[in-house]
Amino acid sequence: MAAARITVFNTLTMQKEPLVPTREGKVGIYVCGPTVYSYVHIGNARTFTSFDVVVRYLRYRGLDVTYVRNYTDVDDKIIHAAHETGEDPIHLAARFVDAFREDARALHLLEPDVSPKVSDHIPDIIAIIGKLVAHGVAYESQGDVYFQVSRYPEYAKLSKRHLDELRAGERVQPGEQKREPLDFALWKAAKPGEPAWDSPWGRGRPGWHIECSAMSARYLGESFDVHGGGLDLIFPHHENEIAQSEAAFHKPFAQYWMHCGFLDLEGAKMSKSLGNVVRLRDALQRVDPEALRYFLLSTHYRNPLSFSDKSLADAEARLEYFYETLSKVDARIAGRDFGKGPLHGEPGRFRTEFEAAMDDDFNVPGGMAALSGLFAEMNELTDKPPVKDKALVGRTLQALREDVRRISSVLGVFEDAPEAWLLRRRDRAVRERGIDVGQVEALIGERNAARAAKDFARADQLRVQMKGLGVDIMDTAQGTTWKVTPA
RNA sequence: GGCGCCAUAGCCAAGUGGUAAGGCAAGGGUCUGCAAAACCCUCAUUCCCCGGUUCGAAUCCGGGUGGCGCCUCCA
């Protein structure tokens, strides 16, 4: 069975384990989505892109995946942000949900099967809190409800901390009515001007962690397969989710915990206090969205990734190579019938290599190596075919092109029409560099006239002139084309 | 202070017991009027340092050095 071949690094055990879904052939995955108080940053984007590929690959392997990624739209930070703009918190959150959807589309993120919001699940949340109170692991205190950590002996099994050490560093916020410092809020009594709902404990709103316990249970069941998020969510968020869910339902919560590493800014942590947060939205303006996606996937999801203009430029250059190859290959094989028959070499080996890498805890960089081999093979067959049989070459190219499509569907890159992507990229560069296209075309015309007249000195002079404008020209069988010199 | 992660060529980056993937850059070549692109070749006896385990370690163990993260909101 395909799934058994896939191995996942489980934060719970700190080991790679075979992925064995609870229900044969089906995988439920819950990823902690954005708290929508602002635009998401590129670190968020990395996490969501990583899990996007996880979901795509599980489906590629034939698993029936239910992918849930929530929006936390009721939260302290949202309330603060709304106070500053004078906006209604729920309205502000809705605005940023829309913004996120736009950014996500640009990044080619799949729409999850379910994208639940906290504000739509208050009854579910109240029901779980009610269970926890009934089980004696949570208590009401002046309109707040707290989870009593000491009543859940397995607390901190995910982050592997010791309770006494945690206690040493704990502090109680003013106004909190906890029995013990480690206890955390499940429900917060309403303050004036805050979104609030009726509950058995009075009007109030959910605490931070409970929504994920409620929404995962609703859409995936009280026990499900994979739970994901950023590294920094391990403590306390995921820890608290485990405590709440397992104490409420008396069964194991998520089987596999997957955590995505950080993205930093050339070594420096991205943080609001340093003022070096890069919004996904802004990054999307600066670089081709697909290049950004390719960059985000260029390091294994658990390793740190460093964001820089150079790495972005590298990603874009690489994408250009892929698209130029595809453009060339498509021109060769599109709409042609090369008949049936044998293929040259073993074109399927690249996809096999790709799968082997991806089976191993979603090793995307390993998979990219296979992809490099695949593209080199396509280029060779197109430009310097080692065999004369054109039908054989054509069939092989078609097979390789088909494998590119399958791999693309997993990585979510180079799915565009190659010509369209190439032109879009050039147009953007033309705008950025302020290049006069009419002038370029005139110069090309002049140069071709000089070449026809064998006036190569003049032709070379024009080439140099265009180089000075930031334009590289290429003489091909289809005529002279040009592109903008990489900055 | 506690817990944990990371350290691979000029740069980016896989590899977690069997003798260093891939990419960029660089050098050489094929092709080209010249170029560009593409393709081919070259490019780490060695994986931060010191010990240990082993027939065998980049991979395991111990110690050190240097980065980083979490412990408070954070993807």
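Order of the sequence lines fixes the chain letters, A, B, ..., with proteins taken first and strands second; residue numbering starts at 1 for each chain. Since this is a predicted model, take the numbers as computed values, not measurements.
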> Nearest-Å distance, CD (A/Glu377) to P (B/rC40)?
Replying inline: 9 Å
> Going through the distances and angles, do A/Arg463 and A/Ile473 end up as a side-chain contact (heavy atoms from CB on, under 4.5 Å)?
Replying inline: CA-CA 7 Å; A/Arg463 175 190 287 285; A/Ile473 51 177; 3.6 Å; yes
> Given atom CD of A/Glu316 and atom P of B/rC24, what is their separation to the nearest angstrom?
Replying inline: 15 Å
> If you check every side-chain atom of A/Tyr321, which of B/rC71, B/rA35, B/rC39 has the closest atom?
Replying inline: B/rC39
> Residues in side chain to side chain donor-acceptor pair (under 3.5 Å) with A/Asp475, at least two apart?
Replying inline: A/Arg447, A/Arg451, A/Thr480
> Whole-Å distance between B/rG4 P and A/Phe235 CZ?
Replying inline: 14 Å
> Distance between the P atoms of B/rG15 and B/rU72, in whole angstroms?
Replying inline: 32 Å
>> Measuring only between side-chain heavy atoms, which start at C-beta, is A/Val68 closer than 4.5 Å to A/Pro112?
In response: no
> Hey, is the main chain of A/Glu290 close enough, under 3.5 Å, to the side chain of A/Asp288 for a donor-acceptor pair?
Replying inline: yes
> When you compare B/rU53 with B/rA14, how far apart are their P atoms, in angstrom units rounded to a whole number?
Replying inline: 32 Å
> Run the salt bridge (charged side-chain N to carboxylate O under 4.0 Å, His left out) check on A/Asp76 and A/Lys188 step by step: do they pass?
Replying inline: CA-CA 10 Å; A/Asp76 289 349; A/Lys188 296 180 172 188; 3.1 Å; yes
>> Would you say A/Asn363 places a side-chain N or O within less than 4.0 Å of OP1 or OP2 belonging to B/rA14?
In response: no
Are there any protein N/O atoms within less than 3.5 Å of an N/O atom in nucleotides 19-23 of chain B, and if so, which ones and at what distance?
{"residue": "B/rG22", "atom": "O2'", "partner": "A/Ser372", "partner atom": "OG", "Å": "2.9"}
{"residue": "B/rG23", "atom": "O3'", "partner": "A/Arg318", "partner atom": "NH1", "Å": "3.2"}

>> Please give the distance between the P atoms of B/rA25 and B/rA20 as a whole number of Å.
In response: 26 Å
> So, is A/Asn303 near the phosphate of B/rC12, with a side-chain N or O under 4.0 Å from OP1 or OP2?
Replying inline: no
> Looking only at atom C1', what distance separates B/rG66 and B/rG29, rounded to whole Å?
Replying inline: 42 Å
> Does A/Lys16 or A/Asp75 map to a spot on RNA chain B nearer the 5' end, using the closest nucleotide for each?
Replying inline: A/Lys16
> Is there a Watson-Crick or G-U wobble partner for B/rC31 with both distances under 3.5 Å, and if so, which one is it?
Replying inline: none
>> Quick one: does any side-chain atom of A/Arg46 pair with a main-chain N or O of A/Phe262 as donor and acceptor, under 3.5 Å?
In response: yes
> So what does A/Ser159 touch, heavy atoms closer than 4.0 Å: a base, only the sugar-phosphate, or nothing?
Replying inline: sugar-phosphate
> Is there a side-chain contact (heavy atoms from CB on, under 4.5 Å) between A/Thr72 and A/Val36 once you walk through the steps?
Replying inline: CA-CA 6 Å; A/Thr72 296; A/Val36 281; over 6 Å; no
> Say you pick atom P in B/rU45 and the same atom in B/rC34; how far apart are they, in whole Å?
Replying inline: 38 Å
>> Can you tell me which nucleotide in B/rU30, B/rA75, B/rA14 comes closest to the side chain of A/Thr299?
In response: B/rA14
